[in-house]
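I have placed the structure first, in the form of structure tokens, so that the comments after it can refer back to it.
Every chain is numbered from 1 and lettered A, B, ... according to where its sequence line falls, protein lines coming before strand lines. Worth knowing before you read on, the calculation uses all heavy atoms, side chains too, and leaves out hydrogens, waters and symmetry mates. Nothing here was measured: the structure is a model prediction, and the numbers come from that model.
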There are 2 protein chains.
Amino acid sequence: MNIMNGEFLASTGLSELDREVIELFIRMADVLNLPRSVGEIYGLLFIASDPLCLDDCRIRLKISKGSTSQGLKILRSFGAIRTVYMAGDRKDYYLAETSLRKIASGFTNEQIRPHVDSGKERIERIRELLDEQDDDARATLEEKIDLLENWQKRASKTLPLMLKLIGG
Amino acid sequence: MNIMNGEFLASTGLSELDREVIELFIRMADVLNLPRSVGEIYGLLFIASDPLCLDDCRIRLKISKGSTSQGLKILRSFGAIRTVYMAGDRKDYYLAETSLRKIASGFTNEQIRPHVDSGKERIERIRELLDEQDDDARATLEEKIDLLENWQKRASKTLPLMLKLIGG
DNA sequence: CGGTATGTTCAGTAATTAATGAACATTATG
DNA sequence: CATAATGTTCATTAATTACTGAACATACCG
């Protein structure tokens, strides 16, 4: 093993530019309701000039193995990073996906769509409850449920259109 | 004071339908990264047949005065609820805004746009740091920063278009 | 005015969420 | 097969976030 690899390089800190870019992705992760560490890892991979393995991330970001593994898993889950196989190396190396279209699409499909879908199911259950209501309560409630369903449909349709808008 | 108002009605629980609707908005709040109580309050106002005051919300949802006040404040901040003045009553009454367009617009302007804008500022700072780089590091880094800026601009433009899409 | 109704704020606490690190797979390799 | 390298899982701990409730502000009303 090369003495220049591994923990030794941990002290070889990130440049100010690196840190600023990572900070930017930490904020993005926050907006998207993802753990901070996910933002850190993506930011590091984004700014890195070469693919990095789990330990590279862990050491440079000074985070635990568990967080790193979990973070990479989440990023893989919606296609924000890609795995690169290096000849003669058992480790997995990762590269930041740079197509905004792909990332946005993966994110909406994996992290948003399930919520929208479960909302749809819930509205169906609510509509069943509506049938058990008194006739006088019914009319106004029905309007509200219709409105809910209308929102749900518009949200469903807007997701894919949004992805078109973001371009690719 | 009417004996039928106030705390007494706390026991007059919510119907199953009410609870399901509120649960739906709790989930939405979660997706939007808003406190659960905000979802509860909006859900209650949405399903209520009449405007409700702070105490109505507090009692029916069994949450504290502080949470209720804070929750209403947040909902007002992005126009998800409207204040209704009732003649001869000092209390403020609230009604759920039902225009998805208005709510989505208020939400993006108040809760999303500031993040996008601060991202823009950060990218500007990053670009300044780029000038301090060695010539050889510069070229590849510059590409990445260009990409970041490109994303930022597309996100900025997509926000208003999205609102158009969601319809009004 | 003084008292009351209403709403806000915020320090303290509770609940939730993320991070840690050691134990546990898994796979390659001599 | 034994060993080492790599990665995952998950119980515990740490950090964050939301909630509570009492103190405070404000405005009304007799």
Side-chain angles (χ1 to χ4, degrees), chain A residues 1-2 5-7 10 22 25-45 51-77 81-94 111, chain B residues 1-2 5-7 10 22 25-45 51-77 81-94 111:
Chain A
M1 184 200 275
N2 184 336
N5 286 336
E7 308 282 340
I22 290 168
F25 284 106
I26 289 173
R27 301 304 161 100
M28 286 194 201
D30 191 48
V31 173
L32 300 176
N33 219 347
L34 292 168
R36 165 193 179 91
S37 61
V38 167
E40 290 182 281
I41 296 168
Y42 183 84
L44 176 62
L45 292 172
L52 303 179
C53 68
L54 189 149
D55 259 24
D56 291 333
C57 296
R58 177 179 67 76
I59 293 165
R60 294 190 200 183
L61 296 172
K62 299 189 177 72
I63 60 181
S64 72
K65 213 154 105 117
S67 273
T68 314
S69 176
Q70 270 301 123
L72 288 167
K73 184 179 183 174
I74 291 170
L75 288 166
R76 280 193 310 261
S77 81
I81 60 178
R82 281 187 298 151
T83 307
V84 176
Y85 297 98
M86 307 285 260
D89 195 330
R90 285 173 54 197
K91 292 194 283 296
D92 282 336
Y93 284 80
Y94 298 98
Q111 316 272 319
Chain B
M1 184 200 275
N2 184 335
N5 286 335
E7 308 281 341
I22 289 168
F25 284 106
I26 289 173
R27 302 303 162 101
M28 287 195 201
D30 191 49
V31 174
L32 300 176
N33 219 347
L34 292 168
R36 165 194 179 90
S37 62
V38 167
E40 290 182 281
I41 296 168
Y42 183 84
L44 176 63
L45 292 172
L52 303 178
C53 68
L54 189 150
D55 259 24
D56 292 332
C57 297
R58 177 179 67 76
I59 293 166
R60 295 191 199 182
L61 297 171
K62 298 189 177 72
I63 59 181
S64 71
K65 213 156 108 132
S67 272
T68 313
S69 175
Q70 269 300 124
L72 288 167
K73 184 179 181 175
I74 291 171
L75 289 166
R76 280 193 309 263
S77 81
I81 59 178
R82 280 187 297 151
T83 307
V84 176
Y85 295 98
M86 307 284 259
D89 194 331
R90 286 174 52 196
K91 291 193 282 296
D92 282 338
Y93 284 80
Y94 298 97
Q111 317 271 317

side-chain N/O B:Arg58 vs C:dT6 OP1/OP2, d < 4.0 Å: no
Please give, in whole Å, the distance from C:dT9 P to B:Ile74 CD1? 12 Å
Rounded to the Å, how far apart are B:Ile26 CD1 and C:dT16 C1'? 15 Å
Measure CG/A:Leu54 against C1'/C:dT20 and give the value in whole Å, please. 14 Å
Test your reading of the model: is there a side-chain donor-acceptor pair from A:Thr68 to the backbone of A:Ser64, 3.5 Å cut-off? yes
From NZ of A:Lys91 across to P of D:dA5 the rounded distance in Å is 10 Å
Figure out the CD1/P separation between B:Ile59 and C:dT6, and round it to whole Å. 11 Å
Quick one: side chain to side chain contact (heavy atoms under 4.5 Å, CB included) partners of A:Arg76, sequence neighbours excluded? A:Leu72, A:Lys73, A:Ile81, A:Thr83, A:Tyr94
Backbone N/O of B:Met86 and side chain of B:Asp89: donor-acceptor pair under 3.5 Å: no
Could you pull out the closest heavy-atom pair between B:Leu44 and B:Cys57, with the gap in Å? CD2-CA, 3.7 Å
Rounded to whole Å, please give me the gap between NZ in B:Lys73 and C1' in C:dT9. 8 Å
Counting side-chain heavy atoms from CB outward, which of D:dT9, C:dT9, D:dT6 is closest to B:Ser69? C:dT9
Gap between atoms CG and P, on B:Leu72 and C:dG7 respectively (whole Å): 9 Å
Would the distance check show the side chain of A:Ser67 and the main-chain N or O of A:Ile63 forming a donor-acceptor pair, the cut-off being under 3.5 Å? no
What string of B, S and - do you get for nucleotides 14-30 of chain D 5' to 3' if you count protein non-hydrogen atoms under 4.0 Å? ----SSBB-----BS--
May I have the distance from B:Met86 (atom CE) to C:dG7 (atom C1'), rounded to whole angstrom? 18 Å
Under 4.0 Å between a Lys/Arg side-chain N and an Asp/Glu carboxylate O for A:Asp55 and A:Arg58? yes
